[in-house]
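Letters A, B, ... mirror the listed sequences (proteins, then strands); counts begin at 1.
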Protein chains: 2
Amino acid sequence: MAIVRQSKKRDAMLALLRGTDRHPSAEQVYRALKPDYPGLSLATVYRNLAQLCEQGLALRVGTVNGQERYDGHTRPHSHFICNRCGRVADLPQLSPGEGCVERLGVQYGFTAQRCEFVIRGLCKDCEDF
Amino acid sequence: MAIVRQSKKRDAMLALLRGTDRHPSAEQVYRALKPDYPGLSLATVYRNLAQLCEQGLALRVGTVNGQERYDGHTRPHSHFICNRCGRVADLPQLSPGEGCVERLGVQYGFTAQRCEFVIRGLCKDCEDF
DNA sequence: ATCCTTAACAGGAATGATTCCTATTAAGCT
DNA sequence: AGCTTAATAGGAATCATTCCTGTTAAGGAT
């Protein structure tokens, strides 16, 4: 992998991701930082989000309404996604049982790198249409 | 919901989805059926896939390389997705424990509609670079 | 069997998220 | 201070998906 240099904008992006539980999209990250970094480019946001994910400092949660959502909290946990408003909420890690994934890997011929557990439904605010 | 009329093309799409375990993308469905339905339009594929999902006859598995993948098998089961070749494979249902999702729904304020468990990693063919 | 309403459709344009490209700037070693 | 090249802006390009318009056909009503 190439050398990673210091970058104030990337640092700010990571700080933003770590300081929220809202799992923002690239566009939302862009809009949040634009006031403080007027020269910020959307391409830079995408490039740095991709790099943070490669470095294991951020995670892609999944796409909501066609937009990828990002998470700066990398300790194992699961997510709830509201099918109406698109809100993404953290849940405690839901594990399918000790050693289960490894067993499946052997049985089906794969090596697991990550497990994602997502519950989709309606959040309290959206339940009553 | 509006009335649903009979449609040979939509029937063919559902039959295709039910007859494979490859979880094709819209583009792949289009290419598979185009020979038998020369007048088939990509827009029709997208429209009918969306409708099948609304009717609960098909499921969106998740996006791989920017393309949504579809599954015509609606009995609860989980998926493995290869991070290199994009292959999507079926796994037995991985459940986080009896009543667990309901309990979380009460605790965190949501009503679950679907649970997705996805394992990402490398399939046997892609393991050795 | 024919008429009517409107779902299904083709084909092409539009949208919109993401990536690519080119020239410029700036980390951070030497 | 000089050098290499990562980081960047800004805009163009890509590409999956959706939208739009006019046409066709499913299937109930006559």
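Here the side chains of Tyr108(B) and Ile119(A) are not in contact, with every heavy-atom distance at 4.5 Å or above. Between Ile81(A) and Arg69(A) there is no side-chain heavy-atom pair separated by less than 4.5 Å. Looking only at side-chain heavy atoms (C-beta outward), Tyr70(B) and His23(B) stay at 4.5 Å or farther from each other.
Here the P atom of nucleotide dA26(D) and the CG atom of Asn48(B) are 14 Å apart, to the nearest Å. Atom CG of Leu42(A) and atom P of dG11(D) are 13 Å apart (whole Å). The separation between Tyr37(B) atom OH and dA25(D) atom C1' is 15 Å, rounded to whole Å. Rounded to whole Å, the distance from CD on Gln67(B) to P on dT14(D) is 17 Å. Taking atom OH on Tyr30(B) and atom P on dC15(D), their separation rounds to 17 Å, with Å as the unit. Rounded to a whole Å, the CD1 atom of Ile3(A) is 9 Å from the P atom of dA7(D).
Residue pairs meeting the salt bridge (Lys or Arg N to Asp or Glu O under 4.0 Å) criterion with at least one member in residues 104-124 of chain A, sequence neighbours excluded, are Glu116(A)-Arg120(B), Arg120(A)-Glu116(B).
Listed by residue number, Lys9(B), Arg10(B) are the residues of residues 9-17 of chain B with a heavy-atom contact under 4.0 Å to DNA chain C.
Judged by closest nucleotide on DNA chain D, Gly39(A) is the one of Ser7(B) and Gly39(A) placed further toward the 5' end. For the pair Lys8(A) and Ala43(A), nearest-nucleotide mapping onto DNA chain D gives the more 5' position to Lys8(A).
Residue Tyr46(B) has no polar side-chain atom (N or O) positioned under 4.0 Å from OP1 or OP2 of dT18(D). Between Arg47(A) and dT8(D) there is a side-chain N or O to OP1 or OP2 distance below 4.0 Å. When the side-chain nitrogen and oxygen atoms of Gln6(A) are compared with OP1 and OP2 of dA6(D), none of them lie within a distance under 4.0 Å.
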What do the steps show when you test Thr63(B) against Glu68(B) for side chain to side chain donor-acceptor pair (under 3.5 Å), and what is the final call? CA-CA 4 Å; Thr63(B) 68; Glu68(B) 186 69 44; 5.5 Å; no
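Atom-to-atom distance recorded for Arg10(A):CZ and Leu52(A):CG is 6.5 Å, nearest 0.5 angstrom. Separation of atoms CG (Leu57(A)) and NE2 (His73(A)) is listed at 12.5 Å; rounding is to 0.5 Å. Here the CZ atom belonging to Phe110(A) is positioned 14.0 Å from the CG atom belonging to Asp125(B), to the nearest 0.5 angstrom.
Think of the region where chain A sits on DNA chain C: with heavy atoms and a 4.0 Å cut, that region ends 5' and 3' at dA17(C) to dG28(C).
Within 4.0 Å of Glu27(B), counting heavy atoms only, lies no atom of the nucleic acid at all.
Ranking dA7(D), dG27(D), dC19(D) by closeness to the Arg5(B) side chain, first place goes to dG27(D).
Between the side chain of Ser25(B) and the backbone N or O of Gln67(B), no donor-acceptor pair lies under 3.5 Å.
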